[in-house]
Amino acid sequence: MNLTGIARTLVQENHLDKAAAIEAVQNANKESVQLTSYLVTNKIVPSATIAMISSREFGLPVFDLSAMDLEFAALTLVDEKLIAKHNAVPLFKRGNKLFVALSSPTNTQALDEFKFNTGLSTEPVLVQEDQLAVLVDKAVSAMDSGMDGLDDDLEDLDIGGEEDEPKAATQADTEDAPVVKYVNKILLDGINKGASDIHFEPYEKRYRVRYRIDGILSEVASPPISIAPKLTARVKVMSRMDISERRVPQDGRIKLKLSKKRAIDFRVNTCPTLFGEKVVLRILDPSSAQLGIDALGYEPEQKDLYMKALSNPYGMILVTGPTGSGKTVSLYTGLNILNVPETNISTAEDPAEINLEGINQVNVNDKVGLTFAEALKAFLRQDPDVIMVGEIRDLETASIAIKAAQTGHLVLSTLHTNDAPQTLTRLLNMGVPAFNIATSVNLIIAQRLGRRLCSECKTPDDLPKDILLSEGFTEADLKEDFIVYKPVGCDKCTNGYKGRVGIYQVMAISEQMGRLIMDGANSLDLADQAQKEGIPDLRQSALKKIKQGMISLEEANRVTKD
């Protein structure tokens with residue numbers, strides 16, 4: 001096979017041997033992708049090297065895309081499907097010319113299709129492949145998350161439940177075009193702003209919509225009270241609830257497809273109040289389970305303990321904390337690590353929040369007798385390796401989970417307690433024998449989520465030494481060179497905060513701790529033993545995050561106690 005173009009140059013300049021170049025050309029043709037994309041995606045040749053050679057071959061300068069603000073790109077001139085198809089992005093328009101970012105100037109098909117669709121003459125702008133891939137993803141996501149074209153997707157979900165009322169009444173409530181668009185916008189804005197929950201709340205004289213962003217609720221809209229029934233009806237139809245039933249709470253689900261690669265699920269609950277039904281939507285982003293353990297905020301020694309516990313073939317890992325503290329993400333991050341073809345994983349949840357391929361997920365349903373305990377019994381008859389129980393609520397569930405952990409299965413679950421030592425005493429109070437706890441529980445993770453300081457606007461907080469000491473810092477801490485920061489607020493964050501970070505107490509059950517449990521020790525005794533073993537509690541972990549410049553003292557006080 002005779003090599004041409006950039007493939008030949010790469011071989012001539014010893015960036016690639018001929019056999020590898022031929023194989024790359026053949027594979028790129030099979031996959032119908034540009035050779036440059038194939039080489040960079042598969043890490044065969046660095047992106048900068050290809051850009052340098054292309055620049056020399058075609059006499060084009062290399063444009064640095066990192067200096068380009070996507071907000072000012074000419075994205076609206078072409079459809080996002082063209083951008084994704086050709087791996088090319090329209091950057092800007094000058095007169096009747098459209099300048100298009102390409103990693104290979106030989107991609108003339110992209111230039112021709114852009115020219116046909118816009119009526120403008122096209123000029124190639126040479127960029128690095130890795131930078132272009134990031135820009136393509138951003139461009140497609142930005143265009144997909146807009147309002148245009150999404151109304152139809154949401155309309156596809158317009159499937160109501162049983163209707164006891166005349167159909168004309170329900171149509172009037174749900175097919176009002178402005179209401180449809182308004183609800184769509186509320187959902188999309190919530191996703192774009194990073195909200196975890198959306199609240200629709202009716203009162204006697206007003207109606208409000210609130211987002212929970214980084215754990216804090218804030219009001220974002222106050223539509224007229226007169227359209228409250230229509231807003232509720234629209235959400236109920238989208239989530240396939242019974243639109244005619246307004247007297248009892250209902251649960252539903254919405255699946256919103258933003259692009260080919262990204263879909264967002266909403267878990268929906270209605271509750272009748274004095275002045276109408278309150279609707280709360282929990283935004284479930286499956287990509288949160290794909291973040292990886294390094295993105296969650298574990299300290300290196302805490303991560304090692306979690307990874308070691310996950311590598312055990314049997315035993316129990318418990319994650320504890322209040323609602324909204326990130327327990328599900330912690331569990332699913334662990335399940336994602338364990339999710340390999342050789343492992344049989346089953347989960348029982350109420351309901352399943354994150355959908356992961358390769359894991360057998362079951363929604364418990366108390367109405368038909370499918371409780372956590374019954375689901376666990378079924379799992380044990382299906383040759384499991386790993387079992388995840390959404391929550392241990394009663395003695396029966398706890399007993400079956402512990403027996404599973406003692407008979408060669410790895411069990412992951414959650415409990416609602418304040419810290420790791422209290423989790424052990426909670427199991428004792430449920431009626432689980434101390435011996436069973438000591439021999440089955442391997443690891444307990446207590447966690448909170450703290451708002452992360454915005455790196456763009458955070459500023460040093462000049463606090464006196466006595467204040468820092470009273471907040472829990474030691475004299476040894478104050479000898480270290482660290483800065484306490486406070487939030488300010490800018491156009492890139494929310495009140496000085498952007499995103500959240502986990503604060504953890506990761507407690508492995510040592511031999512000594514097991515003896516204390518069997519001797520009937522209380523949570524204070526266990527906490528003292530944890531301190532002796534060098535296990536930082538939640539407060540100490542929060543103070544460490546302050547020293548690292550991640551959170552403010554105010555935020556540490558909000559989520560942990562001294």
Side-chain angles (χ1 to χ4, degrees), residues 289 293 304-320 327-365 369-417 420 423-424 426-428 430-446 506-511 513-514 517-518:
I293 195 168
D304 291 343
L305 286 171
Y306 191 16
M307 295 298 290
K308 183 180 178 182
L310 287 171
S311 67
N312 286 337
Y314 57 87
M316 183 179 283
I317 299 172
L318 294 172
V319 181
T320 182
K327 299 189 297 296
T328 301
V329 172
S330 280
L331 282 177
Y332 266 94
T333 300
L335 290 179
N336 208 33
I337 293 168
L338 297 169
N339 188 13
V340 293
E342 298 81 19
T343 304
N344 179 20
I345 303 175
S346 296
T347 75
E349 301 166 78
D350 184 22
E353 294 190 3
I354 297 171
N355 192 359
L356 267 188
E357 187 176 342
I359 293 177
N360 309 292
Q361 296 171 280
V362 173
N363 279 336
V364 300
N365 187 344
L370 182 56
T371 60
F372 281 119
E374 288 301 318
L376 267 174
K377 288 175 186 175
F379 292 163
L380 291 173
R381 292 191 288 269
Q382 295 208 337
D383 184 34
D385 297 302
V386 179
I387 296 171
M388 195 269 269
V389 187
E391 183 184 350
I392 293 177
R393 297 176 179 170
D394 52 53
L395 177 58
E396 185 182 12
T397 306
S399 298
I400 298 170
I402 283 174
K403 284 175 186 173
Q406 291 173 329
T407 54
H409 308 94
L410 182 62
V411 180
L412 292 80
S413 189
T414 70
L415 275 172
H416 283 95
T417 58
T423 304
L424 297 168
R426 172 75 189 279
L427 289 171
L428 285 169
M430 275 186 181
V432 179
F435 174 79
N436 284 344
I437 297 171
T439 57
S440 62
V441 179
N442 291 343
L443 187 77
I444 301 174
I445 301 172
V506 181
M507 187 175 87
I509 307 304
S510 64
E511 187 177 333
M513 209 167 283
I517 295 166
M518 287 190 282

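Please read all numbers here as calculations on a predicted model, not as lab measurements.
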Q: Grab the two heavy atoms, one from Val319 and one from Ser330, that are nearest each other, plus how far apart they are.
A: CG1-CB, 4.5 Å

Q: First locate atom OG1 of Thr397, then atom CD1 of Ile402, and finally report the distance between them rounded to the nearest 0.5 Å.
A: 11.0 Å

Q: Please give me the minimum heavy-atom distance between Gly514 and Ile509, naming the atom from each residue.
A: N-CG2, 4.3 Å

Q: When rounded to the nearest 0.5 angstrom, what distance separates CG in Leu356 from CD in Gln361?
A: 6.0 Å

Q: Donor-acceptor pair, distance only, cut-off 3.5 Å: does the side chain of Thr320 make one with the backbone of Leu415?
A: yes

Q: For the backbone of Glu357 and the side chain of Asn339, can you confirm whether one donor and one acceptor N or O come within less than 3.5 Å of each other?
A: yes

Q: Going by side-chain contact (heavy atoms from CB on, under 4.5 Å), Leu305 matches just one of Ile445, Val506, Leu310. Which one?
A: Val506

Q: Can Glu349 and Leu331 be said to form a side-chain contact (heavy atoms from CB on, under 4.5 Å), step by step?
A: CA-CA 12 Å; Glu349 301 166 78; Leu331 282 177; over 6 Å; no

Q: Roughly how far, to the nearest 0.5 Å, is OG1 of Thr414 from CD1 of Ile392?
A: 7.5 Å

Q: Apply side-chain contact (heavy atoms from CB on, under 4.5 Å) to Leu318 and Leu424, showing your working.
A: CA-CA 10 Å; Leu318 294 172; Leu424 297 168; 5.9 Å; no

Q: Drop me the distance from Ile317's CD1 to Ile444's CD1, to the nearest 0.5 angstrom.
A: 11.0 Å

Q: Please report the interatomic distance CD1(Ile437) to CZ(Arg426), rounded to the nearest 0.5 Å.
A: 11.5 Å

Q: At what distance, to the nearest 0.5 angstrom, does CE of Met518 lie from CG of Asn436?
A: 10.5 Å

Q: Pairs in or reaching into residues 308-318: which pass side-chain hydrogen bond (donor to acceptor under 3.5 Å, both in side chains), with residues at least two apart or in two chains?
A: none

Q: Decide yes or no on side-chain contact (heavy atoms from CB on, under 4.5 Å) for Asp385 and Glu342, but give the supporting numbers first.
A: CA-CA 9 Å; Asp385 297 302; Glu342 298 81 19; over 6 Å; no

Q: What closest approach, in Å, do Pro433 and Leu428 show between heavy atoms, and which atom pair accounts for it?
A: C-CD2, 4.5 Å

Q: Residues two or more places apart in sequence or in another chain: which of them pass side-chain hydrogen bond (donor to acceptor under 3.5 Å, both in side chains) with Ser413?
A: none

Q: Before you tell me yes or no, could you show the steps for Leu410 and Leu338 under side-chain contact (heavy atoms from CB on, under 4.5 Å), namely the whole-Å CA-CA distance, both residues' side-chain angles and the distance that decides it to 0.1 Å?
A: CA-CA 10 Å; Leu410 182 62; Leu338 297 169; 3.8 Å; yes

Q: Please give me the minimum heavy-atom distance between Gly315 and Asn442, naming the atom from each residue.
A: CA-ND2, 3.3 Å

Q: Any salt bridge (Lys or Arg N to Asp or Glu O under 4.0 Å) involving residues 387-405? Give me the pairs, sequence neighbours left out, ordered by first then second residue.
A: Asp350-Arg393, Lys377-Glu396, Glu391-Arg393

Q: Are any non-hydrogen side-chain atoms of Phe372 and Ile400 less than 4.5 angstrom apart?
A: no

Q: So, for Asn363 and Ala352, which heavy atoms are closest and what is the spacing to 0.1 Å?
A: OD1-N, 2.6 Å

Q: Considering all heavy atoms of both residues, which atom of Val411 and which atom of Ala401 are nearest to each other, and what is their separation?
A: CG2-O, 3.7 Å

Q: So, does Tyr306 use its side chain to make a donor-acceptor pair with the main chain of Ile293 at under 3.5 Å?
A: no

Q: Main chain of Asp383, side chain of Asn344: is a donor-acceptor contact present, judged purely on distance under 3.5 Å?
A: yes

Q: Can you tell me if Thr333 uses its side chain to pair, donor with acceptor, with the backbone of Val329 under 3.5 Å?
A: yes

